[in-house]
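Excluded from the calculations below are hydrogen atoms, water molecules and symmetry mates; all remaining heavy atoms, backbone and side chain alike, are included. By convention in this document, chain letters (A, B, ...) are assigned in the order of the sequence lines, proteins followed by strands, and residues within each chain are numbered from 1.
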Amino acid sequence: MFTNGTHVYDVLAERGYIAQVTDADAVRDLLSRPGVTFYIGFDPTADSLHVGHLLQLMVMAHMQRAGHRPIAILGVGTAMVGDPSGKCDMRRMLTQADIEYNAGRFRKQMERLVDFRDGRALMASNGDWLLGLNYIAFLRDIGAHFSVNRMLTADCYRQRMEHGLTFLEFNYMIMQSYDFLHLYRAYGCRLQLGGDDQWSNILGGIDLIRRKDGGEAYGMTFRLLTTGDGRKMGKTERGALWLDPERTSPYEFHQYWRNVDDADVANCLRLLTFLPMDRVRELSALQGEAVNEAKKVLAYEVTALVHGEEAAREAERQAEALFGGAGRSETMPTTVLERTKVAEGVGLLDVLAAAGLVSSKSEGRRLIAQGGLTLNGEPVTDPNRTLEIGDFPEGAAYLRKGKKIHHRVVLE
RNA sequence: GGGAGGAUUCCCGAGUGGCUAAAGGGGGCAGACUGUAAAUCUGUUGUCGACGACUUCGGUGGUUCGAAUCCACCUCCUCCCA
C-alpha cells in the first residue's frame with residue numbers, strides 16, 4: 001500500500017529503518033496489497049517503554065498508515081524466560097505480577113502512536129498461549145523441530161557462550177518462534193518485524209511455520225537506534241530515556257533531543273519523526289550553528305509524538321525561558337520549603353540534596369568549590385551558606401547547576 | 001561428581017600485611033572554549049557536623065599492634081575433566 005504515493009517498503013527503506021529482510025522482493029510484493037497482518041513483540045521487562053521501543057512503534061505506525069494491520073505482542077510469557085539477545089548477563093528474574101503490571105503500562109504508551117480502535121491494530125499477550133503449555137507435549141510438538149547445533153551458531157547465543165547461558169534463556173528463541181506460529185495460525189500473520197537483535201529469533205519462527213504448516217512467512221529487522229559512533233542512543237545519567245513522563249519528564253525528554261550530537265540529527269529526523277522527507281533533507285542540510293534549528297524541530301516533533309503537542313510546546317517554552325535569558329519559569333522543577341524553617345536558616349547543601357540536584361552533600365560541596373552553582377544568578381562560593389528569607393525575592397529562589405540544570409525553590 | 005581459577009569503589013581493572021579511600025582507563029559531574037553540539041584542555045569523582053572523623057574491597061568468624069591483602073568456613077561465578 002502507499003503513503004503519499006510511495007510504497008511503504010520504500011518509505012521504510014528511504015528513512016533508513018531497514019537492517020535485514022529475509023526476502024526483500026517478496027516482502028515488498030506482500031506489502032503492495034493493503035491489510036497485511038504483521039507483528040512486533042515487546043517484552044515488558046520494565047514498567048515503561050523507552051526510545052529503543054519508540055523506533056519499533058514508528059515502524060508500526062508507518063505500516064498502519066499504509067493500510068496494514070499491526071499486532072503488538074506483549075511478551076508476558078517470553079519475559080518470564082528472558083531474552084538473552086544483546087545481553088551480557090542474565091536478566092533479573094521478574095515475577096509474573098511485575099510483568100503483568102508492566103504490560104499494562106506498555107499498552108497505554110503504545111496507544112499514543114498506534115491506533116488500536118476498531119481492530120485497526122491488535123494487541124495480545126503471549127502469556128495467553130505460552131504460560132499454559134505442557135512441557136512434554138511442547139517438546140515433542142515444537143522442540144523436535146529445533147536443532148541445538150544450529151541454535152548455538154545463532155549470534156545471540158554465541159555471544160553468550162563465554163559468559164554462560166542458562167537453559168532457561170536458551171529456550172527464548174523457541175518461545176518467540178512459537179509466538180509467530182501461533183499468530184500465523186490465528187491471524188494469518190506472515191510477517192514479523194523487530195530490532196536487528198531479533199534476527200535469529202525471527203528466523204526461528206519462519207522455519208517453524210514452514211516445518212509445521214508448510215507456510216511461507218517473512219521477517220524484517222530494523223537498525224537499532226545508535227549514535228554515529230555506534231553506541232546505543234537514549235542513555236541518560238539515570239538510565240534509559242523513558243516514554244513514561246513520570247520517569248522522564250517531557251522537558252527532560254525534549255532536552256535530550258535538543259542536545260543530540262550534530263552527526264545524529266539527520267538520522268533522528270528520519271527515524272523518529274513523520275516529517276516529509278523533503279523537510280527532513282532541508283533540515284539535515286543545515287550547517288554549523290544553524291543545526292540548532294534542526295534540533296529544535298526534532299525535539300518538538302519527537303516530544304509531541306510521545307507526550308502530545310501541548311506537552312511539547314510547554315517543554316519548548318520552558319527551554320526558551322531558561323536558555324533565552326530569564327532563567328525562570330513557573331514550570332521548572334520545584335522544591336517547596338517552609339517559610340518558618342527558612343527563617344531559622346536552612347543549609348544550602350541540604351536544599352541541594354533534597355531537591356535531587358546532588359546525590360550527597362559532599363557532591364554539593366565539590367560542586368560549589370568548582371564554581372558550578374549559582375543562586376539567583378550569583379555564583380555561590382561558600383559551601384556552608386544558608387538560605388535566608390532575603391534569598392527569595394517574590395517568594396522564589398532560582399538555582400542553576402552547571403549550565404543546563406535549573407531548579408526553583410519556593411516558600412510556603 | 002573431580003580439578004583449577006575468580007569475586008575490589010558506577011563499569012573495566014591494578015593492588016597480595018602498614019606508604020591504600022585504594023593505581024590506570026571508561027563513564028559521570030564541574031570549569032575553560034563554544035552553537036543548549038562535538039572535539040580539546042583542566043579539575044573532580046565513598047560519606048559526614050570536613051584542615052578532622054567515620055565506613056568500604058562477595059559473606060561470616062579468626063590470626064595480628066595493624067588486613068582489600070594471611071587462615072577457616074560459607075555464597076556466587078568462570079574454566080577444564082566426567
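- Within the structure, the ring pair (Phe, Tyr, Trp, His ring centres under 6.0 Å) test picks out the following pairs touching residues 262-288 of chain A (sequence neighbours left out): A/His62-A/Phe274.
- Rounded to an integer number of Å, the gap from A/Phe323 CZ to B/G35 C1' is 12 Å.
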Derivation and outcome, side-chain hydrogen bond (donor to acceptor under 3.5 Å, both in side chains), residues A/Asp47 and A/Asn102: CA-CA 4 Å; A/Asp47 66 5; A/Asn102 295 344; over 6 Å; no

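- In the model, A/Ser359 has a side-chain atom that pairs as donor or acceptor with a side-chain atom of A/Glu363 under 3.5 Å.
- Within the nucleic acid shown, A/Val260 comes within 4.0 Å of sugar-phosphate atoms alone, with no base atom in reach, counting heavy atoms only.
- The stretch residues 358-369 of chain A touches RNA chain B through A/Ser360, A/Lys361, A/Ser362, A/Arg365, A/Arg366, A/Leu367, each having a heavy atom within less than 4.0 Å of the strand.
- B/A21: no Watson-Crick or G-U partner with both key distances under 3.5 Å is found in any strand.
- Taking the centre of each ring, A/Tyr218 and A/Phe38 stay at or above the 6.0 Å mark.
- Below 30°, between 30° and 60°, or above 60°: for A/Trp257 and A/Phe253 the angle between ring planes is above 60°, a perpendicular geometry.
- Here the separation of B/C12 from B/C80, taken at their C1' atoms, is 26 Å to the nearest Å.
- At distances below 3.5 Å, not a single donor-acceptor pair connects side-chain atoms of A/Asn267 with backbone N or O atoms of A/Asp264.
- Using cut-offs of 30° and 60° on the angle between ring planes, the pair A/His7 and A/Tyr9 is perpendicular.
- Within the shown strands, B/C71 is the pairing partner of B/G61 under the Watson-Crick or G-U definition, both distances less than 3.5 Å.
- Spacing between B/U56 and B/U40 at atom P, rounded to whole Å, works out to 38 Å.
- Rounded to whole Å, the C1' atom of B/C10 lies 24 Å from the corresponding atom of B/U75.
- Distance noted for atom P between B/A38 and B/G28: 10 Å (whole Å).
- When distances run from any side-chain atom of A/Lys403 to the nucleotides B/A37, B/G31, B/G43, the shortest one goes to B/G31.
- Here, B/G62 and B/A53 have their C1' atoms 28 Å apart, quoted to the whole Å.
- A/Lys401 comes within 4.0 angstrom of sugar-phosphate atoms only, judged by non-hydrogen atoms across all strands, and of no base.
- Just one of A/His307, A/His50, A/Lys108, A/Arg105 meets the side chain to side chain donor-acceptor pair (under 3.5 Å) condition when paired with A/Asp244; it is A/Arg105.
- For the residue pair A/Asn201 and A/Gln198, a side-chain donor N or O sits within less than 3.5 Å of a side-chain acceptor on the partner.
- Judged purely by distance below 3.5 Å, without hydrogens or angles, the side chains of A/Tyr172 and A/Asp43 pair a donor atom with an acceptor atom.
- Separation of the C1' atoms belonging to B/C57 and B/A22 is 8 Å when rounded to the nearest angstrom.
- If you measure from atom NZ of A/Lys404 to atom P of B/A30, you get 9 Å, rounded to the nearest angstrom.
- Atom-to-atom, CG of A/Leu352 to C1' of B/C29 comes out at 14 Å; the value is rounded to the nearest Å.
- Within 3.5 Å, no donor on the side chain of A/Gln370 pairs with an acceptor on the base of B/G31, nor the reverse.
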Dump the pairs, protein N or O against N or O of nucleotides 20-26 of chain B, anything under 3.5 Å, distances to one decimal.
none

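- Going from the C1' atom of B/U9 to that of B/U20 covers 12 Å, rounded to whole Å.
- A gap of 38 Å separates the C1' atoms of B/C51 and B/U60, to the nearest Å.
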